[in-house]
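Only one structure is covered here, and it is reproduced in the block below.
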Amino acid sequence: SQKIEQNSEALNIQEGKTATLTCNYTNYSPAYLQWYRQDPGRGPVFLLLIRENEKEKRKERLKVTFDTTLKQSLFHITASQPADSATYLCALEGSARQLTFGSGTQLTVLP
Amino acid sequence: EAGVAQSPRYKIIEKRQSVAFWCNPISGHATLYWYQQILGQGPKLLIQFQNNGVVDDSQLPKDRFSAERLKGVDSTLKIQPAKLEDSAVYLCASSLRLGLAGQETQYFGPGTRLLVL
C-alpha cells in the first residue's frame with residue numbers, strides 16, 4: 001500500500017543550526033512533492049514544490065531535495081530561528097490523483 | 001487578497017447530533033477541497049469539487065457525511081449523525097484550477113475544530 005513517512009519524533013534544535021526533516025514514501029511515483037508549514041490552530045501554508053526532475057530547490061533559508069531513487073525528500077532550514085517552530089508536512093500526488101499528506105514533523109527551535 | 005474563510009471555528013456536539021461547516025474559498029479559485037485532520041496526523045482528503053461538480057469523494061463516509069458547493073463558490077460540509085471518531089479539525093482549501101494535484105498549490109482556511117462528546 002502507499003505510505004508517506006515523516007520523522008515520527010519531534011525535532012528540537014538550537015537557534016542558528018540547520019534543521020533537516022525527512023519525508024520517505026513507498027509505492028508512489030510522484031511527479032511533484034510539496035512541503036507545507038502548519039502552526040497550531042491554523043491551516044497548512046504552502047512552502048515549496050519540487051518536480052521529479054529537480055534534484056534541489058531553494059527559497060531563502062529553505063532547501064528541498066528530491067531523490068526519486070531513494071524515494072525520499074529532505075527539507076532543510078538553515079540558520080534556524082524560534083519563529084521556524086511549527087509542524088512541517090510533506091505531500092505528494094497518489095494513485096487516486098489527490099494530494100496525500102504525511103503526518104508531519106514537529107520542529108522546535110530553541111533560543 | 002482575502003484567504004479561505006471557514007466557520008464556525010469551534011463546535012462541540014453530542015454524538016448522534018448533526019453539524020454543518022461552511023467554507024468560502026479564495027475568489028476565482030475553481031477547485032475546493034475538504035480535509036479531515038485528526039490530532040497528530042496529516043490532513044486527509046474527504047471531497048474535492050471543481051466548480052460545483054464533485055471530482056473525488058472516494059474517502060467521504062457517505063452514510064453520514066455530505067457536502068455541496070452551490071453556484072461553484074461557497075461550500076457546506078455536513079455530518080449527520082456524528083460519531084465520537086469524527087472529532088477532528090475540518091479544513092477547507094482551494095486552488096486556482098484542477099490540474100495535476102501534485103503541482104497545484106492549495107490554500108487552506110483556519111479550520112473548524114469539532115469535538116463530539
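What you see below is based on every heavy atom in this structure, not just the backbone, and it leaves out hydrogens, waters and symmetry mates. First the proteins, then the strands, lettered A, B, ... as listed; each starts at 1.
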Looking at [X], I'd like to know if its [atom1] atom is crowded, meaning that more than 12 non-hydrogen atoms belonging to other residues, nucleotides or ligands lie closer than 6.0 Å.
| X | atom1 | answer |
| --- | --- | --- |
| A:Q81 | CD | yes |
| B:K71 | NZ | no |
| A:K71 | NZ | yes |
| A:E60 | CD | no |
| A:Q14 | CD | yes |

With a 4.5 angstrom heavy-atom cut-off, which part of [X] approaches chain B: side chain, backbone, both or neither?
| X | result |
| --- | --- |
| A:Q106 | neither |
| A:P44 | both |
| A:L89 | side chain |

Legend entry - Any donor-acceptor pair under 3.5 Å from A:Q34 side chain to B:E104 backbone: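 Yes, because the side chain of A:Q34 sits within donor-acceptor range (under 3.5 Å) of the backbone of B:E104.
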
Legend entry - Toward chain A: residues of residues 35-42 of chain B with heavy atoms under 4.5 Å: B:Y35, B:Q37, B:G40, B:Q41, B:G42

All ring-ring contact (aromatic ring centres under 6.0 Å, His included) counterparts of [X], not counting sequence neighbours:
| X | value |
| --- | --- |
| A:Y25 | none |
| B:F65 | none |
| B:W34 | none |

Inset, instruction - Compare all side-chain heavy atoms of A:Y36 with those of B:Q106 and state whether any distance is below 4.5 angstrom. - result: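 They are in contact (side-chain heavy atoms under 4.5 Å apart), so the answer is yes.
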
Legend entry - Contact origin within B:Q59 toward chain A - heavy atom pairs under 4.5 Å: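 For B:Q59, the contact with chain A is made by the side chain alone.
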
Inset, instruction - State plainly whether one hydrophobic cluster holds both B:V89 and A:V45, where clusters connect Ile, Leu, Val, Met, Phe, Trp and Tyr through side-chain heavy atoms under 4.5 angstrom apart. - result: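 Unlinked, B:V89 and A:V45 end up in two clusters.
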
Inset, instruction - Quick one: pull up CG in B:L45 and CD in A:Q98 and give me the separation to the nearest 0.5 Å. - result: 5.0 Å

